[in-house]
Number of protein chains: 2
Amino acid sequence: MAKIPESTIRRLSLYLRFLEAFDGEGARTVSSQALAERGGTTSAQVRKDLSLFGSFGKRGLGYSVPDLAVKLREILGIGVPRRVVVIGVGKIGMALVQYAGLAARGFTLERAYDVDPQVVGRRVASIVVRHADELERDLRRDPVDVAIIATPPGAAQETANRVGPSVRGILNFAPVTISAPEGVAVRHVNVELELEALGYALRTG
Amino acid sequence: MAKIPESTIRRLSLYLRFLEAFDGEGARTVSSQALAERGGTTSAQVRKDLSLFGSFGKRGLGYSVPDLAVKLREILGIGVPRRVVVIGVGKIGMALVQYAGLAARGFTLERAYDVDPQVVGRRVASIVVRHADELERDLRRDPVDVAIIATPPGAAQETANRVGPSVRGILNFAPVTISAPEGVAVRHVNVELELEALGYALRTG
DNA sequence: GGATGTGAATGTCTTCACAGCT
DNA sequence: AGCTGTGAAGACATTCACATCC
């Protein structure tokens with residue numbers, strides 16, 4: 001299969017959400033044009049994105065809403081449940097632990113960790129926060145797919161080093177760039193960076 | 001000035017953070033090579049990014065750490081204080097309101113809004129949550145630069161429609177794509193989308 | 001000597017435009 | 001007729017490589 005642009009993957013995720021909305025509205029089929037309008041892109045882009053993975057549409061008709069949704073879920077690996085841990089139960093970590101969207105997208109939260117004695121041992125949304133010292137041992141005994149890092153910036157890379165050998169993906173919320181071993185996928189959610197990019201767009205002149 | 005790639009802006013934001021770290025370590029100058037290593041990019045990329053805005057370095061020497069930091073802050077519009085409101089004080093909104101990083105990057109939180117009677121009137125980190133019905137009137141009387149949308153997905157576009165005429169930028173945390181009037185910059189922080197992109201990277205085969 | 005700044009070359013992504021199914 | 005699927009063209013971004021200057 002051809003190499004898939006990162007941007008295509010992000011759009012597929014959007015298309016899936018639109019399909020779910022169309023499905024809720026009772027639509028049976030959808031055209032590349034209709035998907036494009038909701039997603040702020042072009043019909044050619046939609047067709048190209050989808051064609052990278054196969055021929056899912058019918059000429060003259062469009063795409064079957066439920067069939068395409070199934071295909072996209074398959075491509076994105078939704079349905080295969082992913083086990084995750086959250087490390088750092090501060091403000092962001094807390095919000096993540098309580099966030100229903102995790103489960104809705106097939107990510108089951110197994111455990112959460114912190115180092116603050118005020119937080120360790122507390123029960124948050126059905127799980128008890130464990131001390132980060134237990135991290136490596138726990139991961140060896142009971143591995144997970146993804147580590148979500150929501151520590152302060154200073155601890156993020158060290159945390160990544162500790163979980164790197166045991167996980168296949170890292171989602172980093174700390175406002176620093178972190179690296180991970182070859183083969184571990186890393187994604188960043190960086191609010192400060194988005195704010196600064198917004199700041200650039202707001203500059204006068 | 002030449003057109004600036006979006007990706008360049010995001011990297012400038014990273015470079016600035018590295019410069020602040022270098023400054024903390026007492027470094028006076030820094031090479032494109034050193035910046036590249038921390039940022040997971042190449043020295044040529046760093047030089048190209050910076051050269052789009054001017055010639056800030058000295059051949060044979062590198063870049064002055066404090067001078068380049070000043071330049072980057074200027075480019076990114078940091079220093080010009082930006083007034084923001086947060087709309088939706090659920091889990092994410094609450095974390096944002098309490099988030100010190102906002103102020104640290106020059107964004108002063110003016111007000112927060114919600115529709116839930118349980119939340120309206122509550123005091124969170126020195127501001128009192130107002131009812132979203134007051135939004136338009138407040139914005140007319142006391143405008144802000146940026147609206148941060150942290151509502152449930154169903155309310156996000158409507159919220160954008162309501163604030164669109166009064167703000168210059170929107171940062172959207174709701175997991176839907178929203179559109180805004182011409183001239184209003186929109187950025188998305190979409191955790192579900194990042195998770196799904198991670199899911200794709202985790203697929204087996 | 002050492003590191004920048006930058007045209008040129010390369011690589012990647014998007015858009016075009018149309019043949020080909022239904 | 002309508003809409004997909006796709007090679008080719010075009011736009012955009014990154015990397016190379018080297019002249020230039022401190």
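Just so you know, these numbers use all the heavy atoms, side chains as well, and skip hydrogens, waters and symmetry mates. By convention in this document, chain letters (A, B, ...) are assigned in the order of the sequence lines, proteins followed by strands, and residues within each chain are numbered from 1.
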Counting only side-chain nitrogens and oxygens, does [X] get under 4.0 Å of the OP1 or OP2 atom of [N]?
X	N	value
A:Ser32	D:dT4	yes
A:Ser7	C:dT14	yes
B:Tyr63	C:dG5	yes

Item checked: Passing option when B:Arg111 is tested against B:Ile127, B:Ile87, B:Asp142, B:Val86 for side-chain contact (heavy atoms from CB on, under 4.5 Å) -> B:Asp142
Next item on the list: Go through D:dA13, D:dC3, C:dT15 for me and flag the one nearest to the A:Thr42 side chain.
Entry: C:dT15
Check: Can the positive tip of A:Arg203 be found less than 6.0 Å from the middle of the six-membered ring of A:Tyr200, inside 45° of the ring normal?
Finding: yes
Check: For B:Tyr63, is the NZ or CZ atom of B:Arg47 found under 6.0 angstrom from the centre of its six-membered ring and inside 45 degrees of the ring axis?
Finding: no
Measure the distance from [atom1] on [X] to [atom2] on [N] and round it to the nearest whole Å.
X	N	atom1	atom2	answer
B:Asp67	C:dT4	CG	P	15 Å
B:Glu6	C:dT12	CD	C1'	17 Å
A:Ile4	C:dG11	CD1	P	19 Å
B:Leu52	C:dT4	CG	P	15 Å

Checklist line | Heavy-atom donor-acceptor pair, B:Arg59 side-chain to C:dT4 base, under 3.5 Å | finding: yes
Notebook entry, point to check: Would you call B:Arg73-A:Glu196 a salt bridge at under 4.0 Å N-O?
Noted result: no
Checklist line | DNA chain C-proximal residues of residues 44-51 of chain B, any heavy atom under 4.0 Å | finding: B:Arg47, B:Lys48, B:Ser51
Next item on the list: Kindly write out the residues that satisfy salt bridge (Lys or Arg N to Asp or Glu O under 4.0 Å) with A:Arg11, not counting sequence neighbours, or none if the list is empty.
Entry: A:Asp49
